Amino acid sequence: MDFKLLVFWVFSLVLVGAAVGVITTRNPVQAALFLVLAFVNSAVIWMLMEAEFLAITLVLVYVGAVMVLFLFVVMMLDINLAPLREGFHKYLVVGGGIVAAIVFQMIFLIRVKWTGDDKFPQPVPKPAEYSNTEELGMAMYTDYLFQFEVAAVILLVAIVAAIALTMRRRPLTKYQRPAEQVLVQKEDRLRVVEVNSQDNQDIGSISNAATKASAAAKANAANHSDNGDNNPPIDGATEGVKP
Amino acid sequence: MGFFEGLLFLLWTVFKIALIIVPLILSVAYLTYAERKVIGAIQVRKGPNRVGFFGLLQPFADVLKLLTKEVLVPTNSHRFLFMIAPILSLGAAFAAWAVIPFSDTAILADVNAGLLYVLALTSLGVYGVIIAGWASNSKYAFLGAMRSAAQIVAYEIAMGFALVGVLMVSGSLNLGDIVDAQRGNIFHWFWLPLFPLFIVYFISGVAETNRAPFDVAEGESEIVAGFHVDYSGMAFALFFLAEYANMIMIAALAVIMFLGGWLSPVPFLPDGMGWFFAKTAFMLFFFLWFRATFPRYRYDQIMRLGWKVFIPVTIVWITVEAVAILLEIAPWFDIRAVGAA
């Protein structure tokens, strides 16, 4: 048996198992994690088919970003599963019909295309230096530029719409404005007050401090002013009160 | 390729993987030692100095201690996910090393889409954190996981855009080719023409690895230890190992993409693997320096920096670069010509 074929079987079996897990598990977080497993396995299978760029992009975009946000939401939801299960039999008929249609289409497609090796020859492996990233880029930005740009505009509209739908202005919320914060000068925030010892005595009498403490505070404040220190005396007073 | 040849190839590759992983684990061990010594020096302390000469055996003592501790599994946790989370984060941290070129020949997998592979793998690391936070069934762990998820998704975009700038001037996704495009002396490396992207990339890298000052996912003063609050013993050690392996990874990538990889900074000295390791160590020093210097960011400030500062900066610089390449202006266009040749 070919080594590649073995790898293919292992990963495709895990892929199918994970896909079944997504719809059978009862825990939504587990279902999301099964979906992650399914994505990773299909990425490996794409890699086997030499579609490296698509494989890595699948992991990067879907596993690395989309599913992380998905998990983010699912983990915070408190889903009550009982009402979701109601009417199972009612939908069974419709769901069964859709599944039958899909299976029929796939069988039809495969039967028509793959009836013989001559009709669907095995692709020749490309040389090692062949880069399908480059091929894809060339195709997308030259031959299909218009379609690519249209897709980009549609995505942009979707982004704007999503933001417009979820943004709500809350007038009571206080916001920071860093642009204004960095423009603040020392003069806007700091006021240097010259206070003589007369005012200091008033503050001492207002505070409920014990006489000893306020006396210490006064001495403290007096020292400060003697030293030419610009500390407002209220600081000295509170320091004295603390112990 | 037949089955047995395939098996042989597999064994040989496993051997080469061991050649990368074992030194990596050793470097993680001594990175923790270096971190404690450097932060000790910055804070005028001695750091570990009891086990072995100058505390050189301290990392081994730590590992032994963690090995002998019991791995506790909380009663109401999701047992399977709880145990698999540290393995997931470690696996992603190690797997990305497959495409790192240590020199022009020493590389495990010389793939064309190396840069994309690295981006994809580093974005997988967040699963370990999210799953650990959810499986622990604890408020603190869950808060840490949520913070980490939002933070990593935000900074991944800025990081990806910074790398778009690199591949624009180098004209290749192959990490070896990116280094080759920087051939010349220190002023030919990409840090100069891509300076804003270099800064954005490195700071985003610090945020991606949940390191200080972006370590709100751990935030020991608010949410105890965040996502790994319930982990003990070896399970905790695996998270630790993954975090430090990721740090080395980010530093190594910064070296490859902006600091010329294994290339020598001056023409009269030969190129070699030694330069790569020296530059990586230099970048790693910044991680330690940041941790000892900056207080932790507030959460809304982290989000603002990621979305409103870094992403616009990268978009502007990519535009500048595109115009420069289109008009064939010297530094950017020159580099591209070398890379394509």
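Since this is a predicted model, take the numbers as computed values, not measurements. Residue numbers begin at 1 in each chain, while the letters A, B, ... track the order of the sequences.
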Spatial distance of atom CG (B:Leu124) from atom CE (A:Met67) [nearest 0.5 Å] | 12.5 Å
Starting at CG of A:Leu60, measure out to OG1 of B:Thr122 and round the result to the nearest 0.5 Å.
-> 8.0 Å
Please look at [X] and chain A and tell me whether the side chain, the backbone, both or neither of the residue comes under 4.5 angstrom of a heavy atom of that chain.
X	result
B:Leu119	both
B:Leu116	both
B:Asp300	side chain

Where along residues 133-146 of chain B does a heavy atom come under 4.5 Å of chain A, listed by residue number?
-> B:Trp134, B:Phe142, B:Met146
Minimum-distance pair of heavy atoms, taken over all atoms of B:Glu156 and A:Gly64 | OE1-O, 4.1 Å
Shortest non-hydrogen contact from A:Val59 toward B:Ala120 = CG1-CB, 3.9 Å
Go through the atoms of A:Val36 and report whether side chain, backbone, both or neither lie under 4.5 Å from a heavy atom of chain B.
-> side chain
Interchain contact, A:Leu69 with chain B, by part (heavy-atom threshold 4.5 Å) | side chain
Over 12 non-hydrogen atoms of neighbours within 6.0 angstrom of [atom1] in [X]:
X	atom1	value
A:Tyr62	OH	no
B:Tyr299	OH	yes
A:Met138	CE	no

Under 3.5 Å: donor-acceptor pair, side chain of B:Tyr127, backbone of A:Val63 = yes
Highest number of heavy-atom pairs under 4.5 Å with chain B among A:Pro178, A:Ala55, A:Ala43 belongs to A:Pro178
Heavy-atom side-chain proximity of B:Leu81 to A:Leu33 below 4.5 angstrom = yes
When heavy-atom pairs shorter than 4.5 Å are enumerated against chain A, which of B:Ile130, B:Leu10, B:Val126 gives the highest number?
-> B:Ile130
